[in-house]
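Written out below as structure tokens is the structure these notes cover.
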Amino acid sequence: MRKRVCVANWKMHKTNAQAASFVERFMQLVPSVPDSVELVICPPFTALHTVAASLSAAQGPNGRVKLGAQNMHWEASGAFTGEISAAMLLEIGVQYVILGHSERRQYFCETDETVRLKTAAALSSGLTPIVAVGESLELRHEGRTHSHVCAQTLGALAGLEPDQVAKLVIAYEPIWAIGTGQNCDPAEANAVMREIRGCVEPLQRVPILYGGSVKPDNIANYTALSDIDGGLVGGASLDAEGFAALAAAAAQREAS
Ligand code: PGA
């Protein structure tokens, strides 16, 4: 059975002080989340160290709440002002990294090629990439959702060995559903995710997460379906109570 995963993508939110108080409260709530759900918190770069220290104070090393970053560069080091390498992330305890989020593609010129380079670099350094794919409203209206997300997925995976692909997490996030409160119909999302899973064989075994306006009261409608293994959560992950409730609901295998 595939792992269930709920990822908090804080985007450009929370100072160090705010991040530390989130972790303090969230750790009190973690026992309410079934063990079957892996929990990952992705703060902005400036708060990674604080969250790492707060997590390890609360749960010791190798606890169940994992740390993730929201981006990284594919080179190991060099003259890349403003960038962060895999080694820098690993040193402070990061285990996951979101790659190719639509906001990075839209505002910061990420392409399938840069996502591919980052995915390969993350895997070879031992980080677990959470590769994000998703279509715009325009592509959806043109009936090109499936071909677009499959092209993005295959672009990110090009050149990887099957055993590397099996280590990924994929997130399907329709762009028009992100932060808009306009959810994708769960059955439609499930169909797209099944299509993604069919792109290459090892994806049958990897967690594929849905993202786009998920909330504690709608996540179970997604995770009840065959190909949806959890959520990549923006707005609803900023509040400790809300994210814990959402993760607990994501454990359900039947619609609420
Ligand atoms: P949202 O964001 O939950 O606020 O829609 C999801 C994401 O962009 O990862």
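The basis for the numbers below is simple: all heavy atoms, side chains too, and nothing from hydrogens, waters or symmetry mates. Numbering of residues begins at 1 and proceeds along the displayed sequence. Just so you know, ligand 1 is whichever comes first in the structure, and atom 1 is the first atom listed for that ligand.
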Evaluate the side-chain proximity of L209 to Y172: yes if any heavy-atom separation is below 4.5 Å, no if none is. no
What part of I178, side chain, backbone, both or neither, has a heavy atom within less than 4.0 angstrom of ligand 1? both
Considering residues, nucleotides and ligands other than Q204, do more than 12 of their heavy atoms fall under 6.0 Å from its CD? yes
Decide if atom CD of E241 counts as having more than 12 heavy atoms of other residues, nucleotides or ligands within a radius under 6.0 Å. yes
the protein heavy atom lying closest to atom 9 (O) of ligand 1 turns out to be E173 OE2, 2.7 Å
Modelled atom types, side-chain donor and acceptor of E173 and H101, under 3.5 Å: yes
Does a donor on one side chain sit under 3.5 Å from an acceptor on the other, for S226 and R194? yes
N/O of [X] under 3.5 Å from N/O of ligand 1, yes or no?
| X | value |
| --- | --- |
| G234 | yes |
| V233 | no |
| G211 | no |
| T180 | no |

Flag yes if I84 and V115 sit in one hydrophobic cluster, no otherwise; membership is Ile, Leu, Val, Met, Phe, Trp, Tyr, and two members link when side-chain heavy atoms are under 4.5 Å apart. yes
If Ile, Leu, Val, Met, Phe, Trp and Tyr residues are connected whenever their side-chain heavy atoms lie under 4.5 Å apart, and connections chain through other members, are F22 and L39 in the same group? yes
Proximal ligand 1 atoms for [X], defined as those under 4.0 Å from one of its heavy atoms:
| X | value |
| --- | --- |
| H101 | 7 (C), 8 (O), 9 (O) |
| G179 | 1 (P), 4 (O), 5 (O) |
| G235 | 1 (P), 3 (O), 4 (O) |
| G212 | 5 (O) |
| S213 | 1 (P), 3 (O), 5 (O) |

Any side-chain to backbone donor/acceptor pair from Y210 onto G212? Under 3.5 Å, distance only. yes
